[in-house]
There are 2 protein chains.
Amino acid sequence: MVVDSLGTTFAALSDPTRRAMIERLSRGPASVHALTEPFALSQQMISKHIAYLVRARIVIKAKRGRESICTLRPEAIKIVSDWAISYRQFWEESFDKLDVVVKQMKKAEVGDDKEHGE
Amino acid sequence: MVVDSLGTTFAALSDPTRRAMIERLSRGPASVHALTEPFALSQQMISKHIAYLVRARIVIKAKRGRESICTLRPEAIKIVSDWAISYRQFWEESFDKLDVVVKQMKKAEVGDDKEHGE
DNA sequence: ACTATCCACAACCATATGGTAGTGGATTCC
DNA sequence: GGAATCCACTACCATATGGTTGTGGATAGT
């Protein structure tokens, strides 16, 4: 694996448990134990999830006695925001044009078979 | 796997090839062949990557003759932006506080061993 | 000192993914 | 019609990940 920092960040964010942990940590630091309780997962699994967040540099872990306190790194979230915002001009100027494109594609016999079921 | 729409989106974004494809598509729709050329990957692999992007609803694929034209869905990127921006208040009010927190953690004997090597 | 609590480490399993190679169906060009 | 192009489908492989169970080391409470 290359040292794809942004990729590691997105991979860490792809799991709903880890995103819920991020939301929890956005309201303040918490111990591993405190993070385990609301999620109905084993302590070992929570530790694994935290390890992914730490590896992605989204969370900082620090020992305090027998506890490990997890803290959310604000910059990590900002990196994601920056990535998305770099396409802001694209999506803003596309919202009206896309309508036309979709109509064109439907005329061209869309080969998409599976329903997405929004 | 639950129908974790946002998770599927983040997973799709975790690969650098797919992010490069997104950047390419942000400059306009392209056929699978056109997407294959700049990436030095097999056509089959590009098709797989496109399939992930389509599954995440980031890209729309439409057949036009023997070609498949891929179009970037602007909303998909906006969803990511919205997620990150929902933490904007957290990171903005945390940037100064984090400095204090880090100092506290260092006092508390950080158990982190491995260097991250930024 | 003894025990309970907090946490990490290891082994193990099933599945998804990045990647390869081979092949075959459509469509376009000649 | 025949050949070349565009693309998808399949089988296959190695690795990463989500998850389990078991265990053991530290630290805190008594």
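So you know, we letter chains A, B, ... as the sequences are listed, proteins then strands, and number each from 1. All values below come from the heavy atoms of this structure, side chains included, with hydrogens, waters and symmetry mates left out.
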Exercise for the section: Evaluate the criterion side chain to side chain contact (heavy atoms under 4.5 Å, CB included) for residue pair B:L53 and B:I22; output intermediate values, then yes/no. Expected result: CA-CA 9 Å; B:L53 289 171; B:I22 288 174; 4.1 Å; yes

Exercise for the section: Return no unless some side-chain N or O of A:K48 is found under 4.0 Å from OP1 or OP2 of D:dT20. Expected result: no

Problem - B:H49 vs C:dT17: side-chain N/O to OP1/OP2 distance below 4.0 Å - result: no

Exercise for the section: Hey, could you give me each pair passing salt bridge (Lys or Arg N to Asp or Glu O under 4.0 Å) that has a residue in residues 22-47 of chain B? Not counting sequence neighbours. Expected result: none

Handout entry: Nucleotide C:dG18, atom P - distance to CG of A:D4 in whole Å
Key = 12 Å

Exercise for the section: Check whether any side-chain heavy atom of A:L72 sits under 4.5 Å from a side-chain heavy atom of B:W91, and report yes or no. Expected result: no

Problem - Nearest listed nucleotide, side chain of A:R55, among C:dC7, C:dG18, D:dT17 - result: D:dT17

Handout entry: Distance in angstrom units between A:L35 CG and C:dC6 C1', rounded
Key = 13 Å

Handout entry: Ion pair A:K78/A:D82, N-O distance below 4.0 Å
Key = yes

Exercise for the section: Report the residues that fulfil ring pair (Phe, Tyr, Trp, His ring centres under 6.0 Å) with A:Y52, sequence neighbours left out, ordered by chain and then residue number. Expected result: none

Handout entry: Set of salt bridge (charged side-chain N to carboxylate O under 4.0 Å, His left out) partners for B:R88, sequence neighbours left out
Key = B:E92

Handout entry: Separation of C:dC7 P from A:F39 CZ (nearest whole Å)
Key = 14 Å

Handout entry: All salt bridge (charged side-chain N to carboxylate O under 4.0 Å, His left out) counterparts of B:R18, not counting sequence neighbours
Key = none

Problem - For atom CG of A:L41 and atom P of C:dA8, their distance in whole Å - result: 15 Å

Exercise for the section: State which of D:dT17, D:dT20, D:dC6 makes the closest approach to the side chain of A:M45. Expected result: D:dT20

Exercise for the section: Using five base pairs at each end, measure the axis-to-axis angle across the helix from C:dA1-D:dT30 to C:dC30-D:dG1 and round it to 10 degrees. Expected result: 20°

Handout entry: Where B:T9 and B:A56 come nearest, the two heavy atoms and their spacing
Key = OG1-O, 3.8 Å

Exercise for the section: Could you pull out the closest heavy-atom pair between B:S68 and B:K61, with the gap in Å? Expected result: CB-CG, 4.0 Å

Exercise for the section: Return the value, rounded to whole Å, for the distance between atom CG of B:D15 and atom P of C:dG18. Expected result: 5 Å

Completion exercise
B:I46 atom CD1 is separated from D:dC7 atom P, nearest whole Å, by 11 Å

Problem - Candidates D:dT20, C:dA8, C:dT17 - which lies nearest the side chain of B:Y52 - result: C:dT17

Handout entry: Length of the CD-P vector between A:E67 and C:dA8, whole Å
Key = 11 Å

Handout entry: Nearest-neighbour nucleotide for the A:S31 side chain, C:dC7, D:dC7, D:dG19 considered
Key = C:dC7

Handout entry: Nucleotide nearest A:S47 (side chain, heavy atoms from C-beta), chosen from C:dT20, D:dG18, C:dA8
Key = C:dA8

Handout entry: Rounded distance in Å - NE2 (B:H33) to P (D:dC6)
Key = 4 Å

Completion exercise
Minimal heavy-atom distance between B:C70 and B:L25, with the atoms involved, is O-CD2, 3.5 Å

Problem - Nucleic acid footprint by protein, nucleotides 21-30 of chain D - heavy-atom cut-off 4.0 Å, B for base, S for sugar-phosphate alone - result: BBB---BS--

